[in-house]
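Quick note on labels: first sequence line is chain A, next is B, and so on, each numbered from 1.
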Number of protein chains: 2
Amino acid sequence: MLPSSIMHSLDKVDLQLLRALCTDPRSTFVALAQQLHLSRNTVQARMARLEESNAFLSFDRRVNPVALGYPLTAFIEVHVQQKRLTQIVAELAQIPEIVQAYGMSGSTDLLVRVVCTDADDLFRIDGTILACEGVDRTETSLAMGELIPYRVTPLLERTARRVGPSGSTGGSPDEVTT
Amino acid sequence: MLPSSIMHSLDKVDLQLLRALCTDPRSTFVALAQQLHLSRNTVQARMARLEESNAFLSFDRRVNPVALGYPLTAFIEVHVQQKRLTQIVAELAQIPEIVQAYGMSGSTDLLVRVVCTDADDLFRIDGTILACEGVDRTETSLAMGELIPYRVTPLLERTARRVGPSGSTGGSPDEVTT
DNA sequence: AAAAATATTGAGCATTCTGCCCTATTCAGG
DNA sequence: CCTGAATAGGGCAGAATGCTCAATATTTTT
């Protein structure tokens, strides 16, 4: 579930902090303060606020599955009987190789992200998914490579440019002008 | 591109470290050492080794796009003229809302992950993608919700159980027995 | 099996960082 | 203008870090 605690909007300082952390995730508060010409107390307060407002997702996302021995990533579209959706999700959550699942609009019910050791492993996992009661059909696509690695820094930089000195991302970024 | 520097396999201690970091990403080395009954130096050496071997992906992945003002996530299957794939990817990388793109097997050429502010924004981004020379067709699916939030901890825990006291994940995890 | 290489341990030191407190100033909203 | 929130800068004690070192344990190689 998406967090429901986004209680404040991010201003330029927040964005700069996030950007700096993307550059060096182990930055100390002191270093961040120097880099951004802020007081250390401010960095501390801002970071606490970002934590509280769920600006940071889980550390899991930084763990490279390849390093764990799971070099393959696949996306499985899962077509289900709607009335059993909740149970199915609970069952899928018991499969460790399923690292994420979205409920989707349109003709796909679930988009399931899977990591696996090899093609046979993928086939096995697919079978496990299909064995769940209420799962009608799956369509598997193997990711051959991450051509654009996950990044938000272009967004951070653009949004920071747009909001100006002390503005915030309240509402839609596109509504904010410099 | 996937990192090509996975030069060593993770043993149980590495996995436990990663697991502990998933629980508390701001853990100090001292705290980790106490928690795992290790010497602080060992934690330090292990963390350095994990860093060097690309066990950690970018911090970007921890930044919640919702907090940035991008509450919607969508997956766009992009069908392209193969010979222009490289140029297309370069062009797609110029679009900040595209946060990730996989080259896929099968009938889908690219799976593009997009964050956006609303449905109109998504429609606009889709148009931008379609405007790239060599892009034939797109199919957009809107993620309605993250039913299983991204997690690797079940994998970490299972692999740690499997490898025993000092084993490692060299090769396929399924080949390792306790 | 023995030797060599590597990893771990625990101790230590100087430096830096953190959590927290405090007061003064600035900023933003009514 | 007033008020509350945020920022700044200073401070303190304790904790953490980066690094060194020698001894020990473990793993790998011969």
Side-chain angles (χ1 to χ4, degrees), chain A residues 5-21 23-56 59 67 69 159-160 162-171 175-178, chain B residues 5-21 23-56 59 67 69 159-160 162-171 175-178:
Chain A
S5 305
I6 308 285
M7 305 304 278
H8 87 289
S9 48
L10 306 190
D11 67 10
K12 185 162 181 176
V13 171
D14 294 315
L15 297 171
Q16 285 172 338
L17 272 176
L18 292 173
R19 180 65 183 85
L21 285 168
T23 301
D24 180 10
R26 297 194 66 85
S27 259
T28 63
F29 291 165
V30 173
L32 290 168
Q34 281 172 9
Q35 184 179 344
L36 301 184
H37 308 295
L38 296 171
S39 157
R40 178 169 68 93
N41 261 347
T42 302
V43 171
Q44 234 167 324
R46 288 309 187 99
M47 288 292 286
R49 205 174 66 172
L50 287 170
E51 294 265 15
E52 281 159 23
S53 59
N54 292 293
F56 299 123
F59 189 85
T159 310
R162 284 186 173 173
V163 300
S166 58
S168 72
T169 60
E175 292 170 1
V176 183
T177 57
T178 53
Chain B
S5 305
I6 310 287
M7 305 304 280
H8 87 288
S9 48
L10 306 192
D11 67 9
K12 185 162 179 176
V13 171
D14 293 316
L15 296 172
Q16 286 172 335
L17 271 175
L18 292 172
R19 180 65 183 86
L21 285 168
T23 301
D24 180 9
R26 296 194 66 84
S27 260
T28 62
F29 292 165
V30 173
L32 290 169
Q34 280 171 9
Q35 186 179 344
L36 301 185
H37 309 294
L38 296 172
S39 155
R40 175 167 71 92
N41 263 347
T42 302
V43 171
Q44 235 169 322
R46 287 309 188 98
M47 289 289 288
R49 203 175 67 170
L50 287 171
E51 293 266 16
E52 281 160 22
S53 60
N54 292 291
F56 300 122
F59 190 85
T159 311
R162 283 186 174 174
V163 300
S166 59
S168 71
T169 59
E175 292 171 6
V176 183
T177 57
T178 54

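Residue Val30(A) is the one, among Val30(A) and Asn41(A), whose nearest nucleotide of DNA chain C lies closer to the 5' end (criterion: closest heavy atom). Heavy-atom nearest nucleotides on DNA chain C were determined for His37(B) and for Arg40(B), and the one closer to the 5' end corresponds to His37(B).
Spacing between atom CG of Leu17(B) and atom P of dT8(C) amounts to 10 Å, rounded to whole angstrom units. What separates CZ of Arg49(B) from C1' of dT27(D) is a distance of 12 Å, to the nearest Å. Phe29(A) has its CZ atom 14 Å from the P atom of dA16(D), to the nearest Å.
Side-chain contact check for Phe56(B) versus Leu18(B): some heavy-atom pair is nearer than 4.5 Å.
If you check the side chains of Thr23(B) and Arg19(B), you find a donor sitting under 3.5 Å from an acceptor.
Between Ser39(B) and the phosphate of dG10(C), there is no side-chain N or O to OP1/OP2 separation shorter than 4.0 Å. For Gln44(A) and dC20(C), the shortest distance from a side-chain N or O to OP1 or OP2 is not below 4.0 Å. In this structure, Thr42(A) reaches the dA8(D) phosphate: one of its side-chain N or O atoms is under 4.0 Å from OP1 or OP2.
Looking at heavy-atom distances under 4.0 Å, Arg26(B) makes no contact with the nucleic acid at all.
With hydrogens and angles disregarded, a donor-acceptor distance shorter than 3.5 Å links the side chain of Asp11(B) to the backbone of Asp14(B).
Residue Leu21(A) comes nearest to Ser27(A) through the heavy atom pair CD2-CB, 4.4 Å, listed as atom of the first residue, atom of the second, then distance.
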